[in-house]
Engineer: 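Got a structure for you, questions after.
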Amino acid sequence: MAFIALGVTGSVAAYKAVEVARGLQKNGHEVTVIMTASAERFIGSLTFEAITRRDVITDQFTVGLNASVEHVSMASAIDSLVVAPATANIIGKFANGIADDFLTSMHLVTRAPILMAPAMNSNMLGHVAVERNLEVLRGRGVRFVEPTEGDLACGWTGPGRLAEPSSIVSAVEESLRPRGSLLGRCLLITAGPTYEDLDPVRFLGNRSTGRMGRALAQAAARRGARVILVAGPISLEMPSGVEVVEVRSASEMHQSVMERKTEADAMILAAAVADYTPTSGPRSQKLCKDEHIETIKLTRTLDILADLGGWRGGQSRPVLVGFAAETEEMLVHARAKLKAKNVDLIVANDVSQPDTGFGVDTNAVTLVSHDVETPVPLQTKNEIAEVILNRVEELLRGREADGPQKVLSETADRNSSS
Ligand code: CTP
């Protein structure tokens, strides 16, 4: 999760910045919007305020902002400064160090990475003055999301259209990604519930929403990992830069994970997989109440995590992490799962509490490994994801110290029933 300042400047495309703010928020970031005076002529600050649930900064000299010299304190707090749309005027001001409003003053103070998405008339974009300013900024490490070609608000057709909000969001993600900490690694993550169909309209499911798995996938991608997210039916938007494999049932999830198991350096199984499925499979026709079906025969599903633990046996890779969602005796159950499933880490959480269960953005967990148990206090799932990944990185480094990875082949697939 990052704290992003979104500068909106005076272009007809200013309304598209609303989508940029929403996209960044959906990816788990906190967004604060700064509007220039001319941006306010195109779009009202209320729209951004409602979306970001934060005050929108429109005036450097607003009473209350100066006690803490807000443009200085915000400049130090942000992880990224994004300007979308960026007019020729703001590009010129940034290039020449002009500081005549909040956004331009903050630009001079911040050391956070800067990303700009220009939008202007084609001739303005091609003007030697603008080209020179862009060059100056590029030379200082400012990144740009290039404008596209098309119909412009001024009636012309050509280059200068603001890039699509989704491309701007992806570029921000890319610019935030710390180079390296999981670069060259592949992480497979499962997320969400599974649905065991009874008939064409009914299923057995659970209350998992996939938030924890999605937060893990997002954070791992940001650290540079290749991420495969095997997701049960979830209605959340999927993070960008992640390979998503959509599945429905426990058996589909089992198959998808097993097919990809040799690709992963670490696997984090955050999905709430059904433990039972209807024995005779889904009925092709809808069950009718006149059939008086009062009991449904169920069969155990395959335990993906246990099968992975069995397949890995005594080998050092992949690192295996499971979750234990408990309502009582959390640590006792977590320790038992750690051993029984032959995994390296169990993330135990008490789902009986309102702020640590399903469907909320917060969690408090205990990381249970073979040698240490670490309580992680209540915080957002995005923050918990970072703590889990720090531990996964430690485990990966520990395995490296043990010697080169023994490649597990399909022939070692002795315990998998996929
Ligand atoms: N898991 C799995 N495949 C299953 C069931 C669970 O991979 N068929 C994984 C989950 O993704 C999670 C961990 O195993 O990482 C949870 O363990 P599990 O024993 O299934 O937990 P519960 O279903 O809560 O088990 P129990 O009812 O025995 O407490």
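Indexing begins at 1, ligand by ligand and atom by atom, following the structure's order.
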Engineer: Kindly indicate whether the side chain of Phe102, heavy atoms from C-beta on, has any atom under 4.5 Å from the side chain of Thr58.
Structural biologist: no
Engineer: Can you confirm whether more than 12 heavy atoms, excluding those of Gln285, are under 6.0 Å from its CD atom?
Structural biologist: no
Engineer: Of the choices Lys341, Lys337, His333, which has the non-hydrogen atom that lies closest to atom 29 (O) of ligand 1?
Structural biologist: Lys337
Engineer: Output yes when the distance from some N or O of ligand 1 to some N or O of Ala270 is under 3.5 Å, and no in every other case.
Structural biologist: no
Engineer: Under 3.5 Å between some N or O of ligand 1 and some N or O of Leu302?
Structural biologist: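 Yes.
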Engineer: For ligand 1, which atoms have a heavy atom of Gly322 less than 4.0 angstrom away?
Structural biologist: 15 (O)
Engineer: Between Ile304 and ligand 1, does any nitrogen or oxygen pair lie at a separation below 3.5 Å?
Structural biologist: yes
Engineer: Give the atoms of ligand 1, by number and element, whose distance to some non-hydrogen atom of Thr301 is under 4.0 Å.
Structural biologist: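 Contacts of ligand 1 toward Thr301, numbered from 1: 8 (N).
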Engineer: Can you check whether Phe94 reaches Leu103 side chain to side chain, under 4.5 Å on heavy atoms?
Structural biologist: yes
Engineer: Starting from atom 27 (O) of ligand 1, locate the nearest protein heavy atom and write down its residue, its atom name and how far away it is, to 0.1 Å.
Structural biologist: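 Protein heavy atom with the smallest distance to atom 27 (O) of ligand 1: Asp275 OD2, 3.8 Å.
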Engineer: Looking only at non-hydrogen atoms, which of Gly213, Ala271, Ala306, Ser251 approaches atom 11 (O) of ligand 1 most closely?
Structural biologist: Ala271
Engineer: Can you name the residues that form a ring-ring contact (aromatic ring centres under 6.0 Å, His included) with Phe144, not counting sequence neighbours?
Structural biologist: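 Scan of Phe144 (ring-ring contact (aromatic ring centres under 6.0 Å, His included), adjacent residues dropped) gives none.
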Engineer: Leu269 to ligand 1: N or O pair under 3.5 Å?
Structural biologist: yes
Engineer: Taking only Lys NZ, Arg NE, NH1 and NH2, and the carboxylate oxygens of Asp or Glu, determine whether Lys337 and Glu326 approach each other closer than 4.0 Å.
Structural biologist: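 Yes, this pair counts.
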Engineer: Considering only heavy atoms, does Leu305 approach ligand 1 within less than 4.0 Å through its side chain, its backbone, both, or neither?
Structural biologist: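 Near ligand 1, Leu305 shows its backbone as well as its side chain.
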Engineer: Under a 4.0 Å N-O cut-off, is there an ion pair linking Asp197 with Arg202?
Structural biologist: no
Engineer: Below 4.0 angstrom, N of the basic side chain to O of the carboxylate: do Asp275 and Arg300 qualify?
Structural biologist: no
Engineer: Would you be so kind as to tabulate the donor-acceptor pairs closer than 3.5 Å made by side chains of residues 36-52, with sequence neighbours excluded?
Structural biologist:
| from | atom 1 | to | atom 2 | distance (Å) |
| --- | --- | --- | --- | --- |
| Thr36 | OG1 | Ala39 | N | 3.3 |
| Thr52 | OG1 | Phe48 | O | 2.8 |
| Thr52 | OG1 | Arg54 | N | 3.4 |

Engineer: In the protein, what heavy atom is nearest to atom 12 (C) of ligand 1, and what distance, to one decimal place, separates them?
Structural biologist: Phe323 O, 3.2 Å
